[in-house]
There are 2 protein chains.
Amino acid sequence: MAKSEVKVLGAWSSPFAMRPIIALNIKSVEYECVQEEVGCKSEFLLKMNPVHKKIPVLIHGDKLVCESLIIVEYIDEVWSSAAPSILPSHPYDRAIARFWADFVDDEFYIAMRESSIAVGAEAKQAAIEQMVDGLALLEDAYVKCSKGKPFFGGNQIGYLDIALGCFLGWLRVTERFNEMKLLDEAKTPGLVKWAERFCADPAVKDVMPETDELVEVANVIAKLRAAPAPK
Amino acid sequence: MAKSEVKVLGAWSSPFAMRPIIALNIKSVEYECVQEEVGCKSEFLLKMNPVHKKIPVLIHGDKLVCESLIIVEYIDEVWSSAAPSILPSHPYDRAIARFWADFVDDEFYIAMRESSIAVGAEAKQAAIEQMVDGLALLEDAYVKCSKGKPFFGGNQIGYLDIALGCFLGWLRVTERFNEMKLLDEAKTPGLVKWAERFCADPAVKDVMPETDELVEVANVIAKLRAAPAPK
């Protein structure tokens, strides 16, 4: 497919926008990135995703697909003949991958966001503890899903690897702001090694932002949040 | 498969627990229902779904699957040879069905729940308006997805029909408590007819609770909520 027929409307610092890009890289599909600016929603985005007004949006010819995990499944299904498969092949393994991917979005990400916006030390500490508990569960899931192989998905990056892996950049930002290790050899030995492999993978390494760059974005977002609303 | 090999841990009044049951009915799979009591989590549930501690759980032989929409996809994939298919066959139609199913859970259901627990007339009114806006979007989605056929999924009940349809009982409860019509001929003509067809479908009609029964459950839940926490 010609490059211009596949576009990802995203932002380089967005973990959610990283998901379709990694999936397209895995499938060796060429695409164009259309970057949204942090803190401002373009007319184009409002037109492409009028319901949620959020990145990412996959533009595939005349088709629009929204919501990052739905886009990943779409990519896996459309380019099904392009190995490797992103979803596991067995229905039960697929259900387990979907379960933990939802956990990442509904619990782990929410705790990570809360840790950055919570007001007061107690609320921030509670969010951090929720992240730690979440990572302990994900460590356990990693051991069970990977069955001794390098990734949640086995020998290749799969659906749950993408779902969780896209947060590694922001996890490091959270670690830096809170002067602590969230992924560590003692509590999450499997995830520590997995994170190294994930970030070094050819489908990921040029997509994963540097921690310093994300810290800059975090500071911009904090300023926007603190600024008075426009009159 | 023997009946005892497929169990649904649920509750007759739960819209989420209704989803796997409708899916199993569509696939003509025999199952046993294990009922949880409203307002109390059994030891069995805590063991079956230790992460979220929520119904429904599908127990399929030695496999446990949690999260209602994930269970529906699992059922569709495991009993793939049992027609009809629950997910649409084309990847784009699947993505659209998944998008609106997520919308139902993340926006519509949240607004419905908020309308019942919101404190103060203003907050309650805001939640009701959010439901009305959501139903307008879903009416539009129905017209586009069904393409003139009876269901979102075409001629048969499909994934999005199950996702939205399971809330019809509680929608009627919300209408009764607020003395208003949320589904009406003027604003949502397609959904009005769709709801009638959905509730009359053989896979649904013995599963959809009566409004009077759900009102009783709503009153029990309200009393539990108002009761002081146990010491």
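A quick note: this is a predicted structure, and the numbers were derived from the prediction, not measured. Quick note on labels: first sequence line is chain A, next is B, and so on, each numbered from 1.
Checked against the 6.0 Å centroid threshold, A:His90 and B:Tyr74 do not count as a close aromatic pair.
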Under the criterion side chain to side chain contact (heavy atoms under 4.5 Å, CB included), I'd like the reasoning laid out for B:Phe99 against A:His52: C-alpha separation, chi angles, the key distance, then a yes or no. CA-CA 10 Å; B:Phe99 175 86; A:His52 295 306; 3.4 Å; yes

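Scanning both residues, A:Ala95 and B:Ile70, for their nearest heavy atoms gives O-CG2, 3.6 Å.
Looking at A:Glu77 and B:Arg94, their side chains come closer than 4.5 Å, going by heavy atoms from C-beta outward. Annotation: side chain of A:Val51 is in contact with side chain of B:Trp100 (closest heavy-atom distance under 4.5 Å).
Top candidate by heavy-atom pairs under 4.5 Å with chain B, chosen from A:Leu64, A:Leu69, A:Asp106, is A:Leu64.
For a residue to count as touching a neighbouring chain, one of its non-hydrogen atoms must lie under 4.5 Å from one of that chain's; by this rule B:Arg98 touches chain A with backbone and side chain alike. Of the atoms belonging to B:Asp102, it is side-chain heavy atoms, and not backbone ones, that fall under 4.5 Å from chain A.
Atom NZ of A:Lys124 is surrounded by more than 12 heavy atoms from other residues, nucleotides or ligands within 6.0 Å.
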